[in-house]
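These notes are about the structure you will find just below.
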Amino acid sequence: MDDRILILDYGSQFTQHIARRIRELRVYCEIHPPTASAEWVRQWRPRGIVLSGGPASVYDEGVPRLPPGLLEVGVPVLGVCYGMQLMAQQRGGRVVPGRREYGRAEIQVRGTGELFFGFESGEHITVWASHGDHVDEPPAGFELLASTADLPVAAFASAADRLYGVQFHPEVAHTPRGTEIWANFVLRICGCEPTWTPGSFIEESVARIRAQAGSQQVICGLSGGVDSSVAAALVHRAVGDQLTCIFVDTGLLRKGERESVERAFRRELGSRLVVVDASAQFLDRLAGVEEPEEKRRRIGASFIRVFEQSVQDAGSGASFLVQGTLYPDVIESQSVRGPSAVIKTHHNVGGLPEDMKFRLIEPLRELFKDEVRHVGRELGLSEELVGRHPFPGPGLAIRVLGDVTRERLDLLRDADAIYLEEIRAAGLYDDIWQAFAVLLPVRSVGVMGDARTYENVVALRAVTSRDGMTADWYPFPHEVLGRISNRIINEVAGVNRVVYDVSSKPPATIEWE
Ligand code: XMP
């Protein structure tokens, strides 16, 4: 196993960013809840440990603490915000409650040491701060590394004990030189070798999947998205003909998607493919359901039932099911294991029924989206498959807001197809991380010819992002937006208004439900 870093998650919205920054340095890392014991940590054998930030105060009751003995495990530890405060408190430093600071701040580097290697002493740098309490005095034996007028201890270190703390968030883009700080910690202080690559990932996964599946049959649900295609290609490499792929037409797909997936799949993956039309069943289960999480649960449950039936019909007797679950899904759904708040239950993690007959193979469980794309390319998949915008498992059901009916799905499909067609025609598809239309559950008044109309509103969403965890709305040229809006209103019967979504994530999410 390569060198790896353990991240203990104290519930910060930025914990996943820490993992991203470390993976970008080509070092493997995992996020775990802080309930892990020091003994477990020792056995996990990290080269270093990061304590994330979190919303708690060290002065509150029942808040997550440092596992006893953690700071003595013998590997370097970096505490970020709340993680730093826990470290300071345990080592006898002073943590002052209150005085919220949120946003950009400027700190002055005081001592450089290993953590600020490459920085000048006295230099001012911009950082992103988000904390309530703060450390006022470093513990005995700790050196002050940075401070601001408001924040006397912005960073500290005990080189002898290899303990480090920063009161700001070097993992977010708003700390422009944060990457250097991560590189200093991970590569310099922990001494990790940057060897974690798609190639090494593929080798390890293939071996693991073979060991897991043995000579048993495996099925994979293809959604047409990047994740399930890459998962299928990886499993196909591991178990060859033991794999049967099943593509379920849920009735919640985009226009022409079933045909295009079939074409691309047959051309590139080459394993057995069964296509099942289950749209009636899915729409039945969704009738009258408006609540997004309930939609996800029902879709997840229907998926599995359809699979079980299809597998029986195909007579393959599979005992394993491949899922294209990604790391952000795992973390966002792991309410019971860690304190990071559950935002949405992604169906491929949270919605599976407990009495499911399959055992799961989730070969991408540890990867972020851009890493999946690298793996896909390395496996020889075309840019057409690998470069596709992500598409959520529950499909258009979470883009027809409120009640999902066949009519509303058809209307959305038509609007969405025009939207994507125009984006491609303008040569913008690859600049955008994800673009889609949303059908709102409201009607608006319009005028067409001389007549009043009272019809549907379509919202357009387009975002840029690296991994879906944060996103910015895409600044379309006005004439492109104008063309899209004209075409949708003129060509899609039942739509008289188009609006463009200008919300970033956070605080919005990418999907509307
Ligand atoms: P949000 O809306 O959470 O979306 O900002 C982040 C990314 O995840 C996709 N998404 C899902 N994918 N099942 C999935 O497989 C889901 O239930 C689901 N919900 C959101 C979303 O399209 C975006 O790429």
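Ligands are counted one by one from 1 in listed order, and the atoms in each one are counted from 1 as well. Residue numbers run from 1 in the order of the sequence given.
- Closest of all the heavy-atom pairs between Leu412 and Ala437 is CD1-O, 3.3 Å.
- For ligand 1, the atoms lying closer than 4.0 Å to a non-hydrogen atom of Thr509 are 1 (P), 2 (O), 5 (O).
- Considering backbone and side-chain atoms together, Ile510 places an N or O closer than 3.5 Å to an N or O of ligand 1.
- With ligand atoms numbered from 1 in the order given, ligand 1 contributes 1 (P), 3 (O), 5 (O), 6 (C) to contacts under 4.0 Å with heavy atoms of Lys505.
- Under the salt bridge (charged side-chain N to carboxylate O under 4.0 Å, His left out) criterion, Asp410 pairs with Arg413, not counting sequence neighbours.
- The 12-atom threshold is not exceeded at CD of Glu384, counting heavy atoms of other residues, nucleotides or ligands nearer than 6.0 Å.
- Of all atoms in ligand 1, numbered sequentially from 1 with element shown, those under 4.0 Å from a heavy atom of Gly393 are 12 (N), 13 (N), 14 (C), 15 (O).
- In terms of polar-atom proximity, Glu511 is counted as a contact of ligand 1, with an N or O under 3.5 Å from an N or O of the ligand.
- For a threshold of 3.5 Å applied to N or O pairs, the pair formed by Trp433 and ligand 1 contains no separation below that value.
- The side chain to side chain donor-acceptor pair (under 3.5 Å) contacts involving residues 228-240 comprise Ser223-Ser228, where partners must be two or more places apart or lie in separate chains.
- Using bins of under 30°, 30° to 60° and over 60° for the plane-to-plane angle, the ring pair Phe303/Phe282 lands in the perpendicular bin.
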